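Okay, so here's the structure we're looking at.
In the text below, chain A, chain B and the rest are named by the order of the sequence lines, each starting its count at 1. Just the heavy atoms: all of them, side chains too, but no hydrogens, waters or symmetry mates, feed the values below. Keep in mind it's a predicted model, so treat the numbers as computed, not measured.
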2 protein chains.
Amino acid sequence: MTVRVVIVDDQALVRAGFRMVLDSQPDLEVVGEAIDGADALRVLDRVEADVVVMDLRMPTMDGVEATRRICARATGGRPRVLVLTTFDTEADAFAALRAGASAFLLKNVPPEELLAAIRVVAEGDSVVAPSITRRLLDRFAGQLGPGPTEDPRLAQLTEREREVLLLVAQGLSNAEIAARVHVAEATVKTHVGRILAKLQLRDRVQAVVLAYESGLVTPGG
Amino acid sequence: MTVRVVIVDDQALVRAGFRMVLDSQPDLEVVGEAIDGADALRVLDRVEADVVVMDLRMPTMDGVEATRRICARATGGRPRVLVLTTFDTEADAFAALRAGASAFLLKNVPPEELLAAIRVVAEGDSVVAPSITRRLLDRFAGQLGPGPTEDPRLAQLTEREREVLLLVAQGLSNAEIAARVHVAEATVKTHVGRILAKLQLRDRVQAVVLAYESGLVTPGG
DNA sequence: GGATCAATGTGATCTGGGTCACATCCAGCG
DNA sequence: CGCTGGATGTGACCCAGATCACATTGATCC
């Protein structure tokens with residue numbers, strides 16, 4: 001199964017170089033090129049791609065904005081964006097990753113590493129330059145709690161209750177939840193009541209807080 | 001300048017293999033071996049090391065605990081710990097990184113990648129396996145940077161209102177907020193009302209959701 | 001001064017949401 | 001079978017919370 005790649009960079013020489021490197025690989029296929037962010041969006045309207053290799057510094061629409069838009073309209077997680085830039089700055093990297101990039105590499109990596117990274121990204125995983133990885137860890141290692149160890153209290157909930165809790169955590173009223181689940185509003189109320197009792201909470205507001213704090217729901221997700 | 005490495009793994013065959021690979025490099029030197037976490041601490045009492053290559057699953061003291069202790073007593077960021085394990089689980093990886101590991105790799109990486117990772121770690125940077133990097137980004141990408149996407153509606157809030165919103169987002173009732181801010185409950189109610197009006201929300205539940213989604217408050221933070 | 005506007009504070013009123021009591025359904029078990 | 005227990009569903013009651021109308025303070029401008 002070949003990986004379809006689109007190259008986005010404002011310098012023709014760089015694009016030609018990347019294309020040369022990628023085309024030398026039997027499992028990679030360059031299906032398009034773009035000279036800036038706006039152009040990239042047009043190209044992606046025409047062709048199906050698995051991975052977009054994106055430069056950051058570009059005229060008209062920079063790589064971060066382009067990445068944000070590509071990820072916003074991505075369906076089924078495709079295409080994924082691999083950002084490749086010259087400048088090793090935390091601001092650029094974090095902005096790109098926040099915008100949805102699946103990978104962040106510096107242009108000084110050896111070609112084999114770029115090729116490996118493209119394959120990794122196509123598989124759905126991620127690669128980040130070592131200097132940026134260190135900064136990521138510096139910032140977030142402390143928050144790596146017991147990991148996916150969900151609040152044990154959540155385990156007490158039945159399937160239905162968990163379903164209702166998710167809707168509560170989206171800000172829906174009991175009536176809206178009732179409509180969504182095809183049940184009487186009174187029923188939703190008892191479900192919520194049971195949820196609060198099991199989780200030892202006072203009201204739905206605290207339920208929402210717990211949902212976020214426990215990782216049952218995550219911002220943006 | 002050579003990088004001094006200590007290998008920690010309970011299987012003699014694995015240690016021998018690693019030593020063989022590392023010794024083939026002129027810039028790397030294996031200065032010690034240990035068969036478990038406790039042993040590693042003893043070895044590090046005797047020798048100076050730049051990088052510890054650490055297995056996770058070991059008897060007596062596992063790699064996570066050993067990593068924690070090594071990092072706790074590390075001086076000037078030395079030695080750094082590179083965790084190398086067979087199992088690609090989020091729980092193991094996050095636990096190791098939280099304990100202070102500078103790198104997390106799977107044992108199925110090609111030897112060159114391990115060598116490159118050791119050099120990267122010795123330089124003070126970090127490497128994380130792609131599958132784990134993806135999970136890291138899934139969890140933290142939303143928290144990166146100030147985020148140009150901070151909901152502009154939040155800017156309309158006055159200082160007092162923002163203060164109240166923060167308390168609402170912790171699950172406090174109007175009465176509790178009133179006590180905290182030294183105001184009548186009725187006052188808190190109007191503040192909340194104004195907040196809802198400005199943010200175009202229906203009730204405090206949606207306010208909590210917005211607070212989390214906009215990054216005004218973050219889980220754990 | 002006085003006129004205006006935003007921020008803040010308070011009480012009165014009405015409704016969504018939480019609590020309680022109870023019914024139904026189904027699985028497991030003696 | 002009948003019994004028990006958990007999950008689910010429903011209606012009635014009451015209060016926290018949302019809405020409204022209004023007072024006070026202080027800054028700004030003519």
Side chain of A/R194, base of D/dG6: donor and acceptor closer than 3.5 Å?
-> no
[N] phosphate, OP1 or OP2: any side-chain N/O from [X] under 4.0 angstrom?
| X | N | value |
| --- | --- | --- |
| B/R202 | D/dA18 | no |
| A/H191 | D/dG9 | yes |
| A/T190 | C/dT19 | no |

Side chain of [X] (C-beta onward), nearest among [options]:
| X | options | answer |
| --- | --- | --- |
| B/L196 | C/dT8, D/dT19, D/dA7 | D/dT19 |
| B/V192 | D/dT8, C/dT8, D/dA18 | D/dA18 |
| A/A186 | D/dA7, D/dT10, C/dG9 | D/dT10 |
| B/D203 | C/dA7, C/dG9, C/dG17 | C/dG17 |
| A/T158 | D/dA7, C/dT8, C/dG18 | D/dA7 |

[X] [atom1] to [N] [atom2]: how many Å, rounded?
| X | N | atom1 | atom2 | value |
| --- | --- | --- | --- | --- |
| A/H182 | D/dT8 | NE2 | C1' | 16 Å |
| B/R162 | C/dA7 | CZ | P | 12 Å |
| B/L157 | C/dT8 | CG | C1' | 14 Å |
| A/E161 | D/dG6 | CD | C1' | 10 Å |
| B/N174 | C/dG17 | CG | C1' | 14 Å |
| A/E159 | C/dA27 | CD | C1' | 18 Å |
| A/K189 | D/dG9 | NZ | C1' | 14 Å |
| A/R160 | C/dC25 | CZ | P | 16 Å |

Hey, does the side chain of B/Q206 reach the backbone of B/R202 with a donor-acceptor pair shorter than 3.5 angstrom?
-> yes
Can you tell me if B/T133 uses its side chain to pair, donor with acceptor, with the backbone of B/V128 under 3.5 Å?
-> yes
Is the NZ or CZ atom of B/R57 positioned over B/F87's six-membered ring, under 6.0 angstrom from the centre and within 45° of the axis?
-> yes
Is it true that the NZ or CZ of B/R135 lies under 6.0 Å from the centre of B/F94's six-membered ring and within 45 degrees of the ring axis?
-> no
For A/R73, does the CZ atom sit with more than 12 other heavy atoms under 6.0 Å from it, leaving out its own atoms?
->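 Enclosed.
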